[in-house]
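Take a look at the following structure, please.
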Amino acid sequence: MHIRMHNPWLGLGAALLCALAGSAAQASEVTYLIDPTHSYPSFEADHMGISVWRGKFNKSGGQITLDKAAGTGKVEVTVDMNSADFGLELMNEAARADSLFDTAKFPQAVYRGTLAGFKDGAPTRVDGELELHGRKQPLTLQIRKFKCLPHPIIKRELCGADAAASFQRDAFGMDAGKDYGFDMTVDLRIQVEAIAKE
């Protein structure tokens with residue numbers, strides 16, 4: 001009669017390997033802080049079909065988590081709506097008024113999303129939601145360029161991307177000029193750089 005002996009070390013070894021594998025998976029996720037001095041969220045909007053208004057936001061921040069091996073990650077960005085800059089102070093004041101951004105009530109816009117469409121460890125889009133002017137709407141950012149490299153000065157990983165999206169501003173309750181024939185489409189162009197946390 002053959003008696004099979006149970007070796008407790010095998011079970012312990014298997015459990016240890018699973019724990020190590022889990023730790024390795026967690027360790028591959030990196031958090032990056034958005035560098036506001038090297039990020040440039042900008043936008044374009046129609047003016048009566050005869051010209052294009054262009055502007056940017058001077059104050060933004062947030063963070064990105066990225067696991068290149070697993071092909072996962074998340075994005076959270078906050079924009080100070082009072083920092084809108086059209087290059088003309090009169091227009092900046094008009095944009096902050098209640099007819100458009102109404103920054104007294106809605107001082108911030110927030111974008112939260114999930115990195116997706118990974119190719120060779122790099123995401124090609126962000127599937128997310130934009131909270132703007134007190135409303136939330138789904139918004140997908142197309143990532144046109146994405147690259148990571150060691151920062152030459154601070155010696156931590158630096159990632160950068162160029163992304164774009166379009167949305168209808170009246171969907172967020174901002175329909176100023178619609179009765180005069182303004183196209184409600186807003187095109188976003190976002191240059192962002194983020195540095196790995198220590």
Subject >> Atom CD1 of Ile50 with >12 non-hydrogen neighbours under 6.0 angstrom >> reply: yes

Subject >> Asn82: partners by side-chain hydrogen bond (donor to acceptor under 3.5 Å, both in side chains), with sequence neighbours left out >> reply: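 Partners of Asn82 by the side-chain hydrogen bond (donor to acceptor under 3.5 Å, both in side chains) criterion, ordered by chain and then number, come out as Thr103.
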
**OP:** State, without any angle test, whether Glu193 and Tyr32 hold a side-chain donor-acceptor pair at a distance under 3.5 Å.
**Re:**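 Short answer, no.
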
**OP:** Report the C-alpha separation of Val30 and Asp67 in whole Å, then their side-chain angles, then the decisive distance to 0.1 Å, and conclude whether the side chain to side chain contact (heavy atoms under 4.5 Å, CB included) test is met.
**Re:** CA-CA 6 Å; Val30 179; Asp67 187 329; over 6 Å; no

**OP:** Could you tell me whether a side-chain N or O of Ser60 sits under 3.5 Å from a main-chain N or O of Val79, the two making a donor and an acceptor?
**Re:** no

Subject >> Pairwise distance CD(Glu157) to NE2(His151) - rounded to 0.5 angstrom >> reply: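 These two atoms lie 12.0 Å from each other.
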
Original post:
Does Ala196 offer a backbone N or O that forms a donor-acceptor pair with the side chain of Arg156 under 3.5 Å?
Top reply: yes

**OP:** Check whether any side-chain N or O of Asp170 sits under 3.5 Å from a backbone N or O of Gly173 as a donor-acceptor pair, and report yes or no.
**Re:**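 No; zero donor-acceptor contacts below 3.5 Å.
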
Subject >> Heavy-atom closest contact (Asp46 atom, Ser51 atom, distance) >> reply: OD1-O, 3.7 Å

Original post:
Does some side-chain heavy atom of Ile143 sit less than 4.5 Å from a side-chain heavy atom of Asp162?
Top reply: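 No, every pair of side-chain atoms sits at 4.5 Å or beyond.
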
Original post:
Does the ring centre of Phe167 sit less than 6.0 Å away from the ring centre of Phe172?
Top reply: yes

Original post:
Going from CG on Asp80 to CG on Asn58, what distance comes out if it is rounded to the nearest 0.5 angstrom?
Top reply: 9.0 Å

Original post:
Have Thr114 and Asp127 got a donor and an acceptor in their side chains that come within less than 3.5 Å?
Top reply: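 The criterion, which ignores hydrogens and geometry beyond distance, is not satisfied for Asp127 and Thr114.
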
Original post:
Any Lys/Arg nitrogen of Arg169 or Asp175 sitting under 4.0 Å from an Asp/Glu carboxylate oxygen of the other?
Top reply: no

**OP:** Identify the two heavy atoms, one from Leu100 and one from Ala94, that lie closest to each other, and give their separation to 0.1 Å.
**Re:** CB-O, 4.3 Å

Subject >> Distance-only donor-acceptor check, side chains Gln168 and Thr185, under 3.5 Å >> reply: yes

**OP:** Please confirm whether the backbone N or O of Val110 pairs with a side-chain atom of Thr78, one donor and one acceptor, at under 3.5 Å?
**Re:**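 Looks like no, no N/O pair under 3.5 Å.
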
Original post:
If you round to the nearest 0.5 Å, how far is NZ of Lys74 from CG of Leu66?
Top reply: 12.5 Å

Subject >> N/O donor-acceptor pair under 3.5 Å between Asn92 side chain and Phe86 backbone >> reply: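 Flag set: sc Asn92 to bb Phe86 pair under 3.5 Å.
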
Original post:
What pair of heavy atoms forms the shortest contact from Pro36 to Ile34, and how long is it?
Top reply: CD-O, 3.2 Å

Subject >> Least distance between heavy atoms, Leu139 atom then Ser166 atom >> reply: CD1-O, 3.6 Å

**OP:** Give the other cluster members for Leu33, using side-chain heavy-atom distances under 4.5 Å between Ile, Leu, Val, Met, Phe, Trp and Tyr residues; answer none if it is isolated.
**Re:** none

**OP:** Would you give the length of the straight line joining atom CZ of Arg112 to atom CG of Leu130, rounded to the nearest 0.5 angstrom?
**Re:**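 Those atoms lie 10.5 Å apart.
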
**OP:** Could you list all the disulfide (SG to SG under 2.5 Å) pairs where at least one residue sits in residues 116-198, not counting sequence neighbours?
**Re:**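 Of all non-adjacent pairs touching residues 116-198, those that pass disulfide (SG to SG under 2.5 Å) are Cys148-Cys159.
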
Original post:
About how many Å separate OG1 of Thr65 and CG of Leu115, when rounded to the nearest 0.5 Å?
Top reply: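 Leu115 CG to Thr65 OG1: 7.0 Å, rounded to 0.5 Å.
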
**OP:** Check whether Tyr180 and Val52 end up in the same hydrophobic cluster, where Ile, Leu, Val, Met, Phe, Trp and Tyr are linked by side-chain heavy atoms less than 4.5 Å apart.
**Re:**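 No; Val52 is not reachable from Tyr180 via cluster members.
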
**OP:** Anything under 30° is parallel, anything over 60° is perpendicular, the rest tilted; go ahead and classify Phe182 against His47.
**Re:** perpendicular

Original post:
Which other residues belong to the hydrophobic cluster containing Ile195, where Ile, Leu, Val, Met, Phe, Trp and Tyr are joined when side-chain heavy atoms lie under 4.5 Å apart, directly or via other members?
Top reply: Leu149, Ile153, Ile154, Leu158

Original post:
Got a sec, which pairs hit ring-ring contact (aromatic ring centres under 6.0 Å, His included) with one end in residues 109-150, sequence neighbours left out?
Top reply: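 The answer is Phe106-His133.
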
Original post:
Is it the case that one hydrophobic cluster holds both Tyr40 and Phe43, taking links as side-chain heavy atoms less than 4.5 Å apart, direct or via other members?
Top reply: no

Subject >> Contact summary for Ala176 and Ser99, nearest pair of heavy atoms >> reply: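 Minimum heavy-atom contact is CB-O, 3.3 Å.
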
Original post:
Which value, rounded to the nearest 0.5 Å, describes the distance between Arg135 atom CZ and Gln137 atom CD?
Top reply: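 Reported value, rounded in 0.5 Å steps: 8.0 Å.
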
Original post:
Any sub-3.5 Å donor-acceptor pair from Ser42's side-chain atoms to Lys56's backbone N or O?
Top reply: no

**OP:** Could you tell me whether Glu29 and Lys68 make a salt bridge, using a distance below 4.0 angstrom between a side-chain N and a carboxylate O?
**Re:**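 A salt bridge is absent here (no side-chain N lies under 4.0 Å from a carboxylate O).
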
**OP:** For Ala164, check side-chain contact (heavy atoms from CB on, under 4.5 Å) against everything at least two apart and list the hits.
**Re:** Arg144, Arg189

